[in-house]
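Remember, predicted model here, so these are calculated numbers, not experimental data.
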Amino acid sequence: MPSTIIAVRHGQSESNEAHARAKAAGMAVALTAADDGVPLTPLGRRQASALGRRLAREPEPEVVWCSPYTRAVQTWELAAAELESTPETRTDTRLGDRLMGELAGMNLAAIRQRFPEEAEALLRAEYGYRPPGGECFSDVADRVRAVVGDMRAECAGRRVLVVAHDAIVLMLKHVIEEVPLVSVAAFAPVTNASVSIWRGSRSEVFNDDGHLRGISL
């Protein structure tokens with residue numbers, strides 16, 4: 001294994017903000033923008049910079065594996081500006097967010113309006129549910145397992161940073177610690193710009209967002 005794996009979720013994105021507003025208002029929302037191109041909000045950019053300052057308190061990463069989604073790339077660019085070193089960086093499509101297929105961009109209220117049967121199926125088995133044309137969490141876990149396998153082969157003994165999405169961080173928990181998939185829900189939600197750290201296969205920190213105190217106000 002890498003000596004350390006640090007996994008971070010991207011800062012707040014425009015989609016995150018739109019969904020939060022809709023939830024607070026009890027409204028349905030169905031976003032049409034391509035998910036991989038959604039950028040950070042001004043708050044998300046501040047969170048990413050604060051994340052970089054948090055990472056600077058650790059031994060800095062030697063290798064960075066980043067989701068190719070805009071919000072993840074922007075998060076890493078802003079965080080990297082706070083570090084002294086410039087680690088080797090790669091993007092990997094396997095670290096992209098969970099694909100929601102025909103339900104992409106919709107909150108639960110919108111799914112209930114347009115696809116009531118899918119909404120019921122989602123509520124019955126969230127972590128086992130595969131939306132039409134999309135992925136269930138075991139599909140995401142397969143992607144993450146393949147990435148971790150490559151990290152074992154290529155980054156043994158090195159400090160690796162993963163910049164990705166909530167689903168990816170949760171599946172790292174599942175894959176690295178062998179937490180049963182049905183038990184992963186207990187560790188959700190993974191917050192924007194949070195930090196999770198594994199030393200070998202041991203979890204040291206999970207979903208820590210203390211460095212954001214005051215940023216989100």
Side-chain angles (χ1 to χ4, degrees), residues 5 7-10 12-23 26-39 65-73 75 91-152 162-192 194 196 198 203 206-207:
I5 294 177
V8 301
R9 185 187 178 194
H10 59 80
Q12 185 196 62
S13 70
E14 291 183 356
S15 292
N16 295 152
E17 183 182 45
H19 278 271
R21 286 200 308 265
K23 182 177 180 179
M27 297 175 61
V29 62
L31 306 176
T32 57
D35 190 37
D36 60 357
V38 176
W65 294 50
C66 187
S67 161
Y69 284 38
T70 298
R71 55 190 179 272
V73 172
T75 296
T91 57
D92 194 314
T93 57
R94 295 173 297 179
L95 295 174
D97 209 352
R98 179 188 177 193
L99 300 177
M100 294 303 292
E102 294 179 22
L103 308 186
M106 299 184 196
N107 66 356
L108 182 58
I111 297 170
R112 280 178 167 146
Q113 287 180 1
R114 301 187 185 190
F115 303 99
E117 292 182 359
E118 297 298 331
E120 292 306 314
L122 171 60
L123 291 171
R124 281 197 306 271
E126 179 181 1
Y127 282 79
Y129 171 73
R130 181 182 287 112
E135 294 180 304
C136 66
F137 274 89
S138 62
D139 297 325
V140 181
D142 288 343
R143 292 197 265 124
V144 169
R145 191 173 290 107
V147 169
V148 171
D150 287 348
M151 287 179 183
R152 287 183 172 132
V162 176
V163 184
H165 310 271
D166 51 352
I168 297 297
V169 177
L170 282 172
M171 292 305 99
L172 281 168
K173 184 87 173 172
H174 166 63
V175 170
I176 295 173
E177 299 177 51
E178 299 183 351
V179 174
L181 198 57
V182 294
S183 303
V184 191
F187 300 96
V190 176
T191 56
N192 289 118
S194 62
S196 300
W198 291 269
S203 176
F206 191 78
N207 200 21

Check: [Y] and [X] side chains under 4.5 Å, non-hydrogen atoms:
X: E135; Y: R143; result: yes
X: R98; Y: P131; result: yes
X: N16; Y: V38; result: no
X: Y69; Y: H10; result: no
X: F206; Y: W198; result: yes
X: I168; Y: D97; result: no
X: H19; Y: K23; result: no
X: L181; Y: S138; result: yes

Closest approach of R112 and A119, non-hydrogen atoms and distance?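 Heavy atoms only, the tightest pair is CG-CB, 3.6 Å.
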Testing the basics here: between G96 and S67, what is the closest heavy-atom pair and its distance to 0.1 Å?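 Smallest heavy-atom distance, with atoms named: CA-OG, 3.8 Å.
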Would you say [X]'s side chain and [Y]'s backbone share a donor-acceptor pair under 3.5 angstrom?
X: D150; Y: V147; result: no
X: D166; Y: V190; result: no
X: S13; Y: P39; result: no

Please list, chain by chain and in numerical order, all residues satisfying side chain to side chain contact (heavy atoms under 4.5 Å, CB included) with P180, sequence neighbours excluded.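 Residues passing side chain to side chain contact (heavy atoms under 4.5 Å, CB included) with P180: V182, S183.
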Those residues that, when tested against R21, pass side chain to side chain contact (heavy atoms under 4.5 Å, CB included) (two or more places apart):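 Scan of R21 (side chain to side chain contact (heavy atoms under 4.5 Å, CB included), adjacent residues dropped) gives E17, A18.
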Could you state the interatomic distance from NE2 (H174) to CG (L170), rounded to the nearest 0.5 Å?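 Spacing of NE2 (H174) from CG (L170) equals 11.0 Å.
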Taking R71 first and then D35, would you say they form a salt bridge - that is, a charged N and a carboxylate O separated by under 4.0 Å?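 Salt bridge flag = yes for D35 with R71.
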